[in-house]
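Heavy-atom basis, side chains included; hydrogens, waters and symmetry copies ignored. Letters A, B, ... are given to chains in the order of the sequence lines, protein chains preceding strands, and every chain is numbered from 1.
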There are 2 protein chains.
Amino acid sequence: MLSKVKAYLIKHDVKPSIQRIAVMNYLFNNRTHPTVDEIFSALSPNMPTLSKTTVYSTLKLLAEKGAILQLTIDEKNVRYDACIDPHAHFICLGCGCVHDVAPIYLDKVHMEKYKNLNIIETQVYYKGYCDECLDNMEGKVKESAEPDSHLKQLNS
Amino acid sequence: MLSKVKAYLIKHDVKPSIQRIAVMNYLFNNRTHPTVDEIFSALSPNMPTLSKTTVYSTLKLLAEKGAILQLTIDEKNVRYDACIDPHAHFICLGCGCVHDVAPIYLDKVHMEKYKNLNIIETQVYYKGYCDECLDNMEGKVKESAEPDSHLKQLNS
DNA sequence: TTGTTACTTTGTAATCATTTCAGTTTTGAA
DNA sequence: TTCAAAACTGAAATGATTACAAAGTAACAA
């Protein structure tokens, strides 16, 4: 079962230590874009000797090797994503949850124009309020929470 | 001269104090996406009583009111941008410089699909190496600095 | 003008995510 | 088995950001 994770690490030029397998496996099974703390807290009970420093260094290594994505959509905490296929992210300004938002394709003509920029990674972040939070607001705070001046939709 | 800045603040429902005008004016004149520290260090000499806390709270207020943009493209520091028109950002993984990358238009069909997400802000971040850094590399480290596994271009 | 009230600014202290580092353990090749 | 390199650990340091209480300022009515 974990041999798949092991193979994945090796494929990405990461030596598969117990700790690295545990972190990578957690990310495969938890697509909630967890923070370092969440990952550490989840693994710690079953791995009492695990150090948070190791979680930090492992995530850094995995991101460097392209095995995972590092998201800065949340100003408070860096989040990690095992899905490295092209897709965008949505964060709810109410509850802070982060969702995948399916593959995004940027305008071909536009991308052509910036070929010379040597882009090796693209991040698309959407910020707004999820359905659940909107329901909880029920019009009362909604207005003040969404000032027009915040509207910056980039669709043509 | 500063009355324009003043009017801009009032337009965005921000009371124009001396400090707020100074911060906003700095952002208007410095389109380098400065960090809190850069803004504070630049203003401090001419405003010896200015507190860094004030710079923090002012930037937070301005962003909340939609007068400026808050960028999390740089993992180290939050950066601020006086230009609130739709545009994307590029950060150089070598020197850390941040450039504007002209307006980006996301695929219309795609956006239609996510109308229900109540998106009120969109951020598009590109990461790569600027020309200057590429020149300095001259092929030697270039290879190791750009592993294929990092390639995640989102253009179709 | 004076008094009152709310808002803003200031500086210090606290917080919290992240990094550094030195010592220890593990791994893997000879 | 031995040994050097790599990985892990935990404590301490760092550095950005926030909390907070006190001082200053603006608005405005009496």
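- Between the side chains of A:Tyr80 and A:Gln70, at least one donor N or O lies within less than 3.5 Å of an accepting N or O.
- When each of A:Lys52 and A:Arg20 is assigned the nucleotide of DNA chain D bearing its nearest heavy atom, the one mapping closer to the 5' terminus is A:Arg20.
- Here the side chain of B:Tyr56 pairs no donor or acceptor atom with the backbone of B:Ser51 at under 3.5 angstrom.
- The phosphate of D:dC8 (OP1 or OP2) has a side-chain N or O of A:Ser17 nearer than 4.0 angstrom.
- Near-neighbour residues of DNA chain D inside residues 71-79 of chain B, defined by a heavy atom below 4.0 Å, number-ordered: B:Asn77, B:Val78.
- For B:Thr72 (side chain) and A:Glu75 (main-chain N/O), no donor-acceptor pair under 3.5 Å exists by modelled atom type.
- Nearest heavy-atom pair, A:Ala82 versus A:Met24, reported as atom, atom and distance to 0.1 Å: CB-CE, 4.0 Å.
- Using modelled atom types, one side-chain atom of B:Asn29 and one backbone atom of B:Asn25 make a donor-acceptor pair closer than 3.5 Å.
- Between the CG atom of A:Leu9 and the P atom of D:dA7 there is a distance of 12 Å, given to the nearest Å.
- At whole-Å resolution of the value, OH in B:Tyr80 and P in D:dA16 are 13 Å apart.
- Between B:Thr53 and C:dT10, a side-chain N or O to OP1/OP2 separation shorter than 4.0 Å is absent.
- Contact check, A:Gln19 against C:dT26: no side-chain N or O comes under 4.0 Å of OP1 or OP2.
- Spacing between atom CG of A:Leu59 and atom P of D:dA7 amounts to 15 Å, rounded to whole angstrom units.
- The main-chain N or O of B:Asp37 is found under 3.5 Å from a side-chain atom of B:Ser41 such that the two form a donor-acceptor pair.
- Residues A:Lys6 and A:Pro16 approach most closely at CG-CB, 3.6 Å, considering heavy atoms.
- For the pair B:Glu64 CD and C:dT8 P, the interatomic distance rounds to 12 Å; values are reported in whole Å.
- Proximity of residues 28-46 of chain A to DNA chain D (heavy atom under 4.0 angstrom from any strand atom) is not detected for any residue.
- Between B:Phe28 and B:Tyr8, the ring center distance clears the sub-6.0 Å criterion.
- Taking atom CE on A:Met47 and atom C1' on C:dT25, their separation rounds to 13 Å, with Å as the unit.
- Taking 4.0 angstrom as the limit, B:Ser51 places none of its side-chain polar atoms (N or O) nearer than this to OP1 or OP2 of C:dT9.
- Here the side chain of B:His87 pairs a donor or acceptor atom with the backbone of B:Asp85 at under 3.5 angstrom.
- Using a 4.5 Å heavy-atom threshold, the side chains of B:Asp131 and A:Asn118 count as touching.
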- request: Mark up nucleotides 22-28 of chain D, 5' to 3', with B wherever a protein heavy atom is under 4.0 angstrom from a base atom, S wherever such an atom reaches only the sugar-phosphate, and - elsewhere.
  value: -------
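- Aromatic rings from A:His33 and A:His89 are positioned such that their centres are separated by under 6.0 Å.
- Residue contacts for B:Ser57: at a heavy-atom cut-off of 4.0 Å it reaches no nucleic acid atom on any strand shown.
- Distances were taken from every side-chain heavy atom of A:Tyr56 (C-beta onward) to each of D:dC8, C:dT10, C:dT18; the shortest belongs to C:dT18.
- Counting to the nearest Å, the P atom of D:dC8 and the CG atom of A:Leu62 are 10 Å from each other.
- Note: CG (A:Leu50) to C1' (C:dT26) measures 15 Å, nearest angstrom.
- Smallest separation of non-hydrogen atoms from A:Pro34 and A:Tyr26: CG-CE2, 3.9 Å.
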